[in-house]
Each structure stands twice: as structure tokens, then as C-alpha cells.
Amino acid sequence: MSDQGEQITYAAAGVDVEAGDKAVELMKADVRRATRPEVLGGLGGFAGMFDASALARMDRPVLATSTDGVGTKVAIAQALDRHDTIGFDLVGMVVDDIVVCGAEPLFMTDYIATGKVVPERIAAIVGGIARACEQAGVALVGGETAEHPGLLDPDEYDVAGAATGVVEYADVLGPQRVRPGDVVLGIASSGLHSNGYSLVRRVVAHAGWELDRHVDEFGRTLGEELLEPTRVYSRDLLDLIRTDGVDVHALSHVTGGGLAANLARVLPSDVFARVDRATWTPPPVFTTVQRLGNVSQADVERTLNMGVGFVAMLPGDHVDLAVRTLAGRGLAAWTMGEVTALEDARVEDGVEVVRGAKGVDGGSVQVVGDHPA
């Protein structure tokens, strides 16, 4: 008790425990659907539990883990007061990194920090996470919502997540499998996904465009285009990996750093991948951002996915079946380049060659040509 006799409570400090409890009640139904048979216990425990006894039947199980957030895309959700799609961005950023090595994502946890817990808003965020986990075949086994008054404004929040998967050691995908003669197969993105929003937001603000502006090229408002959820690829790519007659050697998730840098990360140091822009047309959102901000080709390609969400490397005679398999799951794919030995590479003069990225001593990638008009 202070000298003035004022009694300070946790609620007066800005933390509403009852609101947190209400948010949990509102999200329960969605979370229950994001499960797997291996999940033990239910919502509300101190730890999520997952029965790992199936791993004992594997020859050499390798666990894969990943963690990520969605960056400043949350600012778009907050500005539009729409929070039921950002969970797909979070799940896609996390579980799709795991499938790159050929692992099946098993379970995930999430973390939400907010200035003020509004139960309906938190339930909408977690509902999106749960629906995306259900789509990916991943169990949402736990999470945390933290109220940070004074650190975040009442309407502000950020999200993060972590997931774990497993793969047989003999089935691990990566640079060790890539060979000269492999084809670089592009797999379409659903839009901007969850990278480069600091650039995008700066561009549209500089242009004076409001989120409710209708853009003919998009066929919808700017805000609707920017909030388009990240495609969650994990089940689609696991289906591709397990398809008889398709031998996927490596996968690359095209996120921060762009196409060339992320492709270089999954190539051995003695190979060269040549990618031709003429093989695909980026969706209008990419060209619009580039034009509005007068962004250089190099900068936009280092920042945005340019319509390519994933890349697969596989033998040339497996490409047709791979394209048909992905099409059956609603994914467009196309041959965008080829892999050669570095010593035999046809390197185009005056065009940047990206060698490795993010500390990885990887292969070399050159993106050439122009996109179709």
C-alpha cells in the first residue's frame, strides 16, 4: 500500500487476466481441429505433449525444427482490423521451412504479444493459425498470449511460432542430392507471402495509396491484395516427394532474400543454376510495387518472391509427372532453369551471380532474361 493509499492491481497496470481466459474459450473449437492422433492432453496444459513412439520404428529419425514470424505484414492486418488470415502466414513461414529438407512437420506452438488482449481478436488470430495447421496436417499443441501494456499500443500485436518435424536420414533432401542436369522447377506463390512488407508499405505510403483503394490490375482493393494469405505448401510437397516416379533432389522456400539467394542455399558449391525470367510472368502486385517505388530490378528480386513460392530440383525426365502432380493439388509449376557443373556453366557477362547465402557455402545462381510483357 502506497503512502497515498492507492491500491495498484494487475488490471490497473494494463493486464486483464479474465480477457485472456475468454480468448482461450473462444479459440478452443478451432484448436481442437488442429490435431493429430499422437497428441496427448488438451488445451491449457503447461506443455504440449506428442507421442513420439512411432519414431522408434524409423531406421534413423532426424528431427527438424524451425521458428519464424510474419514481419510487418501484421501492420496491414491491424490497419484493416482483419485478423483471421495472418495465421496462415505464420504457419506457412514455419512449417514450409521444415519440408525443405524432406521432413514431415508434426506439431507447432505459437506466441502472440499484444498491447491489450481483445478476446475476439486473439481468437481470430489463433483460429487462423489452427485452420492453417489443420490444412498442413500439423498439430497445434500449445501457445502463449502475452499482454505487454506500455511496450505495445492496445491495438498492436506480433506473432511468432515454432514447429518440429521428422524425416528418415536416408530421405533427407538437400545439396548432397543435386546433380548437373537437374531441372529447376518453379512453383507459384499466392502473392507477396510474408516477406518484404517494409518495402511494400514504404512504397504505397510514398505513392499516397490508401488500403481501400480499388486497383484494377488486382481486381480488388490494395488492402485485400496485401493481406492475401501465404500459401501453405507442406502437404502438397510431401505428396510430391512421395510420388512414385518423381525423385525430388532438393527444395527451396523462397522467402527473405528472394529467389536467387534461397536457391543458392540448397545447391552444392560445385554447381551452377541458370534461371530464365522469360519462363514466367510475375503477378501484377510485384510489377505495381516496382513501378510505384521506382524499385530497381535487383532490389525487388532480393526482397520479394516475384511469384515463385518454392523451387524444386529434380531430373528432367521427372518434370512432367511433377507438374501434373502439383496441378492436381491446385499448384502451377513450370521449368524455369537448369543445373550444370560450375566448370561448364554458361555465365552471362554483366549479370550478377549469387554464390551461397545466409552463411551457407552453396552453389551459384544467375537469373537472366526478361519477364514476358
For this session: Kindly indicate, with the supporting measurements, whether the criterion side chain to side chain contact (heavy atoms under 4.5 Å, CB included) is fulfilled by Val368 and Arg274.
Result: CA-CA 7 Å; Val368 302; Arg274 189 174 190 270; 3.6 Å; yes

For this session: May I ask you to test the Val308-Ile187 pair for a side-chain heavy-atom distance under 4.5 Å?
Result: no

Exercise. Parallel under 30°, tilted from 30 to 60°, perpendicular over 60°: which one fits the rings of His371 and Trp280?
Worked result: perpendicular

Problem set entry | Ion pair check, Arg121 and Asp155, cut-off under 4.0 Å | yes

Exercise. Got a salt bridge between Arg277 and Glu301, using NZ or NE/NH1/NH2 to carboxylate O under 4.0 Å?
Worked result: yes

Exercise. Should Val70 and Leu90 be marked as a side chain to side chain contact (heavy atoms under 4.5 Å, CB included) after you check the CA-CA gap, both sets of side-chain angles, and the distance that decides it?
Worked result: CA-CA 6 Å; Val70 302; Leu90 179 63; 3.9 Å; yes

Exercise. Quick one: are Leu237 and Val248 in side-chain contact, heavy atoms under 4.5 Å?
Worked result: no

For this session: Using side chain to side chain donor-acceptor pair (under 3.5 Å) as the criterion, list what pairs up with Arg231, not counting sequence neighbours.
Result: Asp236

Problem set entry | Single-linkage hydrophobic cluster, 4.5 Å side-chain cutoff, Val100 and Val339 together | yes

Exercise. Does Val271 reach the side chain of Leu342, with side-chain heavy atoms less than 4.5 Å apart?
Worked result: no

For this session: State the CG-OG1 distance between Asp89 and Thr230, to the nearest 0.5 angstrom.
Result: 3.5 Å

Exercise. Taking atom types as modelled and ignoring hydrogens, do the side chains of Ser189 and Asn305 form a donor-acceptor contact shorter than 3.5 angstrom?
Worked result: yes

Problem set entry | Lys73 to His193 - nearest heavy-atom pair and separation | NZ-O, 2.9 Å

For this session: Rounded to the nearest 0.5 Å, what's the gap from CD on Glu147 to NZ on Lys116? Could you check?
Result: 6.5 Å

Problem set entry | Sole residue of Val183, Leu185, Leu173, Leu263 in side-chain contact (heavy atoms from CB on, under 4.5 Å) with Met313 | Leu263

Exercise. With ILVMFWY side chains joined below 4.5 Å, transitively, what does Met93's cluster contain besides itself?
Worked result: none

For this session: Can you measure from CD1 (Ile125) to CZ (Arg82) and round to the nearest 0.5 angstrom?
Result: 13.0 Å

Problem set entry | Test side chain to side chain donor-acceptor pair (under 3.5 Å) applied to His249 - qualifying residues, sequence neighbours left out | Asp182, Asp247

For this session: Mind jotting down which residue pairs meet the ring-ring contact (aromatic ring centres under 6.0 Å, His included) criterion with at least one end in residues 72-92? Sequence neighbours excluded, please.
Result: His83-Tyr157

For this session: Using a cut-off of 6.0 Å, state whether more than 12 heavy atoms not belonging to Glu217 lie near its atom CD.
Result: yes

Exercise. Can you get from Leu152 to Val117 by hopping between Ile, Leu, Val, Met, Phe, Trp and Tyr side chains that sit under 4.5 Å apart?
Worked result: no

For this session: Starting from the C-alpha separation in whole Å, work towards a yes-or-no answer on side chain to side chain contact (heavy atoms under 4.5 Å, CB included) for Ile98 and Asp96.
Result: CA-CA 5 Å; Ile98 287 176; Asp96 286 343; over 6 Å; no

For this session: Identify the heavy atoms of Ser198 and Thr72 that sit nearest to each other, and give their distance.
Result: N-OG1, 3.3 Å

For this session: Please name the pair of heavy atoms, one in Ser66 and one in Asp97, separated by the smallest distance, quoted to 0.1 Å.
Result: OG-CB, 3.5 Å

Exercise. Would you say Val254 and Phe310 make side-chain contact, with heavy atoms under 4.5 Å?
Worked result: no

Exercise. Taking C-beta and beyond as the side chain, do Leu259 and Val275 meet within less than 4.5 Å on heavy atoms?
Worked result: yes

Exercise. What distance do Asp68 atom CG and Thr255 atom OG1 have between them, rounded to the nearest 0.5 Å?
Worked result: 7.5 Å

Exercise. Parallel, tilted or perpendicular for Tyr233 and His253, by the 30°/60° rule?
Worked result: perpendicular

Exercise. Has Arg291 got more than 12 heavy atoms of other residues, nucleotides or ligands less than 6.0 Å from its CZ?
Worked result: yes

Exercise. In terms of heavy-atom contacts, does CZ of Arg329 have more than 12 from other residues, nucleotides or ligands at under 6.0 Å?
Worked result: yes

For this session: List the steps, then state whether salt bridge (Lys or Arg N to Asp or Glu O under 4.0 Å) holds for Glu228 with Arg220.
Result: CA-CA 11 Å; Glu228 177 67 32; Arg220 53 182 171 176; 2.9 Å; yes

Seminar exercise, completed: Between Val99 and Ser234 the two heavy atoms that sit nearest each other are CG2-O, 3.9 Å

For this session: Just jot down the side chain to side chain donor-acceptor pair (under 3.5 Å) partners of Glu104, sequence neighbours excluded, or say none.
Result: Arg36, Arg242

Exercise. What closest approach, in Å, do Gly196 and Thr303 show between heavy atoms, and which atom pair accounts for it?
Worked result: CA-CG2, 3.6 Å

For this session: For Glu156 and Val74, run side chain to side chain contact (heavy atoms under 4.5 Å, CB included): C-alpha distance rounded to whole Å, both residues' side-chain angles, the deciding distance at 0.1 Å, then the answer.
Result: CA-CA 9 Å; Glu156 289 183 335; Val74 294; over 6 Å; no

Problem set entry | Side-chain donor-acceptor contact under 3.5 Å, Gln290 with Thr287 | no

For this session: With the side chain counted from C-beta on, respond yes when Val184 and Thr335 share a heavy-atom pair under 4.5 Å apart, and no when they do not.
Result: no

Exercise. What's in the same ILVMFWY side-chain cluster as Leu304, cut-off under 4.5 Å, chained through other members?
Worked result: Ile76, Leu80, Leu192, Tyr197, Leu199, Val200, Val203, Val204, Trp209, Leu211, Val215, Phe218, Leu222, Leu226, Leu227, Val285, Phe286, Val289, Leu292, Val295, Val300, Met306

Exercise. Does any non-hydrogen side-chain atom of Met108 lie less than 4.5 Å from one of Val141?
Worked result: no

Seminar exercise, completed: Heavy-atom nearest pair, Met336 first then Val311, reads SD-CG2, 4.3 Å

Seminar exercise, completed: Taken to the nearest 0.5 Å, the spacing of Glu348 CD from Arg346 CZ works out to 8.0 Å

Exercise. Heavy-atom distance under 4.5 Å between the side chains of Arg355 and Gln366, does that happen here?
Worked result: no

